[in-house]
There are 2 protein chains.
Amino acid sequence: MTQARVITPLFEDLAKVEHHHQLACQSCALYRLCLPLGLHRDDLTKLDQIIKRSAGYKRHQILFEPSSTFKTIFVVRSGSFKTTISATDGREQVTNFYFPGEFIGMDAIYQQRYLSTARALEASSVCELPYERLQEFSATIPELQNQLMTRLSKELSSDKNLLLSLGKKTAQEKLISFLLSLSQRFSERGYSSMSFQLTMSRGDIANHLGLAIETVSRLFTQLQDQQLLSIQGKEVTILDLPALKQRCG
Amino acid sequence: MTQARVITPLFEDLAKVEHHHQLACQSCALYRLCLPLGLHRDDLTKLDQIIKRSAGYKRHQILFEPSSTFKTIFVVRSGSFKTTISATDGREQVTNFYFPGEFIGMDAIYQQRYLSTARALEASSVCELPYERLQEFSATIPELQNQLMTRLSKELSSDKNLLLSLGKKTAQEKLISFLLSLSQRFSERGYSSMSFQLTMSRGDIANHLGLAIETVSRLFTQLQDQQLLSIQGKEVTILDLPALKQRCG
DNA sequence: GATCAACATTGATCCAGGTCAATAAAGTGT
DNA sequence: ACACTTTATTGACCTGGATCAATGTTGATC
């Protein structure tokens, strides 16, 4: 099952990141996906000094939860995370998954308290952006402020698209939309858009899409039978992208 | 059916707003709910000059849609709006409702293009905040930047709570959560939290909550039979708040 | 205040996807 | 390699809420 994964230049760089925790933004492989994009060299140097590069998180380890005090926004450096929001009785909804270069915890700015719980899906690491310092810096670096607003707005867009999925799409459309969104994000990160590893369990996917695990499992089988994709454990290979796009609603 | 509505001081002020389109932020009844909160007097004067107070919108009139060019963020001055996002085949999801002091169109910052369509639910008016000018101003007014981020984050929080509703709650829990959220927002605006008018149709509510109109209708009847609330057309009166809170999930 | 259209309610029936149950793989630690 | 736990698949059956259908109500327009 050790199928060859498409190795791109960026993927090799990402691998390096894991071994250089204090790597400066300037030479970070994620540069073009991350906050510093568009910042001047000396602004970047300043920003670099307030960013804390954390030690790694293990699979299932909690990054933050509603009881944590809100101090920082996190950027995924390597690996992946999920966030969940809980009803009073403990029912949980997986609100999003996060990959390298993506921001976690922005919903905490309002109320100064994390709304959700963030957990690592695999061995992962993050950069910590102290929110107060970020605010101070934004006052003198307009491009930084712009970047932050854009990130918040991007997360809004993604949530609203998920609302459409949850509210109006069939089970099959939900799963296809989800896979295409993953494909898109992997592609942006220099991974293959046609073949990738799911880092989350069937349970996480089902929960995220408002479905039962069994439904997700059956849909995978069904899409495979229809020759639209192939799935072997966590490895997804898209076989007929146009057909999938046409069926995602 | 002209039942007496609870008139609070703020409500009277809100009524005035409708007749003074060019009312300055300083004397606007929405001041404490709106963007200018916490701004210094002279900053406010500057902000005041870039804000355009639009003419009114009629019921069902479109404020913006994905084909409109993104230039401004809107703040509801009076009335109410809904936003919808569309699937490729025309299916629509009502993503949110907006009341005085709330911001519409923030999901357009990323991509510089409105993601959704905004429509007036009744005769309404807005203030227009030109986004580029707002960005310039934020550079010199840290509190303004803070306000904008907080607003974006608040909308994120509200979307994530809706995700929980759509993904994990029963039809009854969805409707109760929705009504309690409305109650809360009316209360913040100086209206009664126990008795209020729904400005949206049953169809809008059903769509927003991922339900059929018939289900919403039956739930209203059912909640009324259980003495938890009373509903007469668009007038909702909450009869047993603790019981509702306990049933919202 | 009559006409028509839009909106809302209620009942009867149906089905997409959930739940329950059994089995099979895949990981994990020793 | 083995035991054990977690995760995934598949089948049989069930149900919450959708859909269909008929009727009632409200509200806009002239």
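Quick caveat, the model's predicted, so the values are computed rather than measured. A note on names: the letters A, B, ... follow the listed sequences, proteins ahead of strands, and every chain is numbered from 1. Side-chain atoms are counted along with the backbone in the values below, which use heavy atoms only and exclude waters and symmetry mates.
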In whole angstrom, give the distance that lies between atom [atom1] of [X] and atom [atom2] of [N].
X: A:Leu166; N: D:dG17; atom1: CG; atom2: P; value: 15 Å
X: A:Leu175; N: C:dG18; atom1: CG; atom2: P; value: 12 Å
X: B:Glu122; N: D:dA28; atom1: CD; atom2: C1'; value: 17 Å
X: B:Leu209; N: D:dG17; atom1: CG; atom2: P; value: 12 Å
X: A:Asp204; N: D:dT6; atom1: CG; atom2: P; value: 15 Å
X: A:Leu211; N: D:dT9; atom1: CG; atom2: C1'; value: 16 Å
X: A:Leu198; N: D:dT7; atom1: CG; atom2: C1'; value: 13 Å
X: A:Gln172; N: C:dG17; atom1: CD; atom2: P; value: 9 Å

Practice prompt. Locate the shortest heavy-atom distance separating A:Leu162 from A:Thr95; write the atom from each residue and the value.
Written response: CD2-O, 3.6 Å
Item to complete: Using distance alone, with no hydrogens and no angle criterion, decide if B:Ser116 and B:Thr84 have a side-chain donor and acceptor under 3.5 Å apart.
Response: no
Worksheet item: Can A:Gln197 and A:Lys234 be counted as having a side-chain donor-acceptor contact under 3.5 angstrom?
Response: no
Worksheet item: Between B:Arg77 and B:Glu128, does at least one N-O distance fall below 4.0 Å, as a salt bridge requires?
Response: no
Item to complete: Tell me what B:Ala171 touches on the nucleic acid: a base, only sugar-phosphate, or nothing, going by heavy atoms under 4.0 Å.
Response: sugar-phosphate
Could you list, one pair per line, each protein nitrogen or oxygen that sits under 3.5 Å from a nitrogen or oxygen of nucleotides 6-10 of chain C, together with the distance?
unit_1: C:dA8; atom_1: OP1; unit_2: B:Arg202; atom_2: N; d: 3.4
unit_1: C:dA8; atom_1: OP2; unit_2: B:Arg202; atom_2: N; d: 3.0
unit_1: C:dT9; atom_1: OP1; unit_2: B:Arg202; atom_2: NH2; d: 3.2
unit_1: C:dT9; atom_1: OP2; unit_2: B:Arg202; atom_2: NE; d: 2.8
unit_1: C:dT9; atom_1: OP2; unit_2: B:Ser217; atom_2: OG; d: 2.9
unit_1: C:dT9; atom_1: O5'; unit_2: B:Ser217; atom_2: OG; d: 3.0
unit_1: C:dT10; atom_1: OP2; unit_2: B:Thr221; atom_2: OG1; d: 2.7

Fill in: Spacing of A:Tyr114 atom OH and A:Thr72 atom OG1 [to the nearest 0.5 Å]
4.0 Å
Fill in: Output field: ring centroids B:Phe178/B:Phe97 closer than 6.0 Å
yes
